[in-house]
There are 2 protein chains.
Amino acid sequence: MTATASKHDVFQAVADPTRRQLLKLLSDQEMPVTVLSSHFPMSRTAVSKHLRILSEAGLVKERKVGRETRYRLDPGPLQELKDWYSYFERFWENKMAALQHFVESDGSERFPAPLTMVEKEKEQD
Amino acid sequence: MTATASKHDVFQAVADPTRRQLLKLLSDQEMPVTVLSSHFPMSRTAVSKHLRILSEAGLVKERKVGRETRYRLDPGPLQELKDWYSYFERFWENKMAALQHFVESDGSERFPAPLTMVEKEKEQD
DNA sequence: TTGACATGAAACCAAAAGGTTTCGTATAAT
DNA sequence: ATTATACGAAACCTTTTGGTTTCATGTCAA
């Protein structure tokens with residue numbers, strides 16, 4: 001159990017453009033919610049909720065300073081994203097060859113039957 | 001306009017675990033919907049809809065062979081994911097130092113005021 | 001001590017997401 | 001011809017998402 005697998009994973013956290021921009025803003029330095037929300041056409045509360053999702057995914061850390069809460073980027077969990085797509089990098093080089101086969105095939109062959117299939121690795125992504 | 005910026009982008013497409021697994025299955029070889037759906041605890045139609053989303057994001061290509069439609073992985077759009085991620089790689093090395101500062105700060109300083117801010121790059125992610 | 005600021009929690013809402021079942025159509029097999 | 005397969009489209013439903021407004025609390029400033 002490496003990944004915390006909590007309610008919000010990195011993939012989902014990063015799926016929203018607002019949250020992606022939040023991460024970029026926070027990459028410079030830590031910032032309180034009010035400052036962050038000034039960059040978006042939505043309410044402070046909405047931004048606050050986005051921050052909580054990022055926090056649950058472990059992508060930001062928070063810290064109270066007086067009456068404000070400052071958020072800071074934690075890029076750590078992004079590693080999971082990298083690991084995931086790096087799996088596909090090996091297909092990058094094959095892409096041309098694969099496309100070639102794709103085009104050349106006349107489709108007359110039946111789809112290969114049993115397939116062995118990886119099966120059973122259901123939620124391993 | 002490099003990115004097609006259509007209804008479904010790569011980030012969103014990849015946010016769903018079912019779709020991520022679909023991509024993995026397809027990385028081996030092309031497959032028709034029925035075979036793919038046998039790997040999931042949901043209806044064929046549901047899988048079909050996931051495939052359409054992947055297709056809209058450009059991550060899979062389809063091809064009719066007789067009465068079946070075979071889907072194939074196109075890893076190309078994953079580049080966008082990689083590019084995005086790579087922006088944050090430079091913060092990896094700083095992570096320790098940053099955390100250090102994070103801990104050391106006594107919070108007595110007010111949050112830096114004007115901040116100049118990148119502003120205006122709204123939807124550039 | 002009184003008021004202004006910073007923020008999260010709560011209640012609420014509309015739209016999107018993820019599924020299901022049903023149906024129509026094209027292709028393959030008998 | 002007729003039946004079985006493969007599949008997408010459509011209609012429908014429930015839960016999640018992304019937002020809003022309102023409210024309570026803690027902290028800073030006068």
Side-chain angles (χ1 to χ4, degrees), chain A residues 6-23 26 30-57 60-72 106-113 115 123, chain B residues 6-22 26 30-57 60-72 106-113 115 122-123:
Chain A
S6 68
K7 190 182 172 192
H8 286 112
D9 64 4
V10 184
F11 289 95
Q12 202 193 333
V14 149
D16 185 276
T18 299
R19 290 195 287 268
R20 286 201 296 278
Q21 201 185 343
L22 278 172
L23 292 180
L26 289 174
E30 61 176 9
M31 290 183 215
V33 187
T34 307
V35 173
L36 284 169
S37 70
S38 73
H39 293 264
F40 300 90
M42 66 185 75
S43 72
R44 172 188 54 79
T45 312
V47 172
S48 188
K49 290 211 281 187
H50 279 302
L51 285 168
R52 195 146 80 83
I53 290 171
L54 289 173
S55 178
E56 284 171 359
V60 302
K61 299 303 178 193
E62 44 205 288
R63 149 205 194 212
K64 295 290 295 283
V65 175
R67 59 182 162 182
E68 63 184 23
T69 305
R70 297 190 193 163
Y71 290 85
R72 157 176 296 280
D106 65 352
S108 61
E109 358 71 49
R110 184 75 103 300
F111 183 76
L115 264 185
E123 187 52 37
Chain B
S6 69
K7 189 184 173 190
H8 286 112
D9 64 4
V10 184
F11 289 95
Q12 202 192 334
V14 148
D16 185 277
T18 298
R19 290 195 287 268
R20 286 200 296 278
Q21 202 185 343
L22 278 171
L26 289 175
E30 62 176 9
M31 290 184 216
V33 186
T34 307
V35 173
L36 284 169
S37 70
S38 72
H39 293 264
F40 300 90
M42 65 185 75
S43 72
R44 171 186 55 79
T45 313
V47 172
S48 188
K49 289 210 280 186
H50 280 301
L51 285 168
R52 195 147 80 84
I53 290 172
L54 289 173
S55 178
E56 284 171 359
V60 301
K61 299 302 178 195
E62 46 205 286
R63 151 205 194 210
K64 295 289 296 280
V65 175
R67 58 182 161 182
E68 63 184 21
T69 306
R70 297 191 194 164
Y71 290 84
R72 155 176 298 279
D106 63 354
S108 62
E109 357 71 51
R110 184 75 105 299
F111 183 77
L115 264 185
K122 286 285 181 184
E123 187 53 35

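Convention: sequence-line order gives letters A, B, ...; per-chain numbering from 1.
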Rounded to the Å, how far apart are [X] [atom1] and [N] [atom2]?
X     : N      : atom1 : atom2 : result
A/L51 : C/dA9  : CG    : P     : 12 Å
A/F40 : D/dG18 : CZ    : P     : 13 Å
A/I53 : D/dG18 : CD1   : P     : 6 Å
B/H8  : D/dT17 : NE2   : P     : 15 Å
B/R70 : D/dA6  : CZ    : C1'   : 12 Å
A/D16 : D/dG19 : CG    : C1'   : 11 Å
A/R52 : C/dA9  : CZ    : P     : 6 Å
B/M42 : C/dT20 : CE    : C1'   : 12 Å

Are OP1 or OP2 of [N] and a side-chain N or O of [X] less than 4.0 angstrom apart?
X     : N      : result
A/H50 : D/dT17 : no
A/Y71 : C/dG8  : yes
B/Q12 : C/dA16 : no

Output the single nucleotide from [options] whose closest atom is nearest the side chain of [X].
X     : options               : value
B/T45 : D/dT22, C/dT20, D/dC7 : C/dT20
B/T69 : C/dT7, C/dA17, D/dG8  : D/dG8
A/R44 : C/dG8, C/dG18, D/dT20 : C/dG8

Spell out yes or no: do the side chain of [X] and the base of [N] have one donor N/O and one acceptor N/O closer than 3.5 Å?
X     : N      : value
A/R19 : D/dG18 : no
B/R67 : D/dT5  : yes
B/K49 : C/dG19 : yes

Worksheet item: Looking at CZ of A/F40 and OG1 of A/T18, how far apart are the two atoms once the value is rounded to the nearest 0.5 Å?
Response: 6.0 Å
Worksheet entry | Between CG on residue B/L22 and CG on residue B/L54, distance to nearest 0.5 Å | 6.0 Å
Fill in: salt_bridge(B/K64, B/E68) N-O dist < 4.0 Å
no
Worksheet item: Between A/E62 and A/R70, is the closest basic N to carboxylate O distance under 4.0 Å?
Response: no
Which atom pairs, one a donor and one an acceptor, fall under 3.5 Å between side chains of residues 44-51 of chain B and the rest of the protein, sequence neighbours left out?
residue	atom	partner	partner atom	Å
B/H50	ND1	B/R19	NH1	3.0

Discussion item. For a quick check of understanding: with a heavy-atom distance under 4.0 Å over all strands, which category does B/S43 fall into, base, sugar-phosphate or nothing?
Written reply: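 It contacts base atoms.
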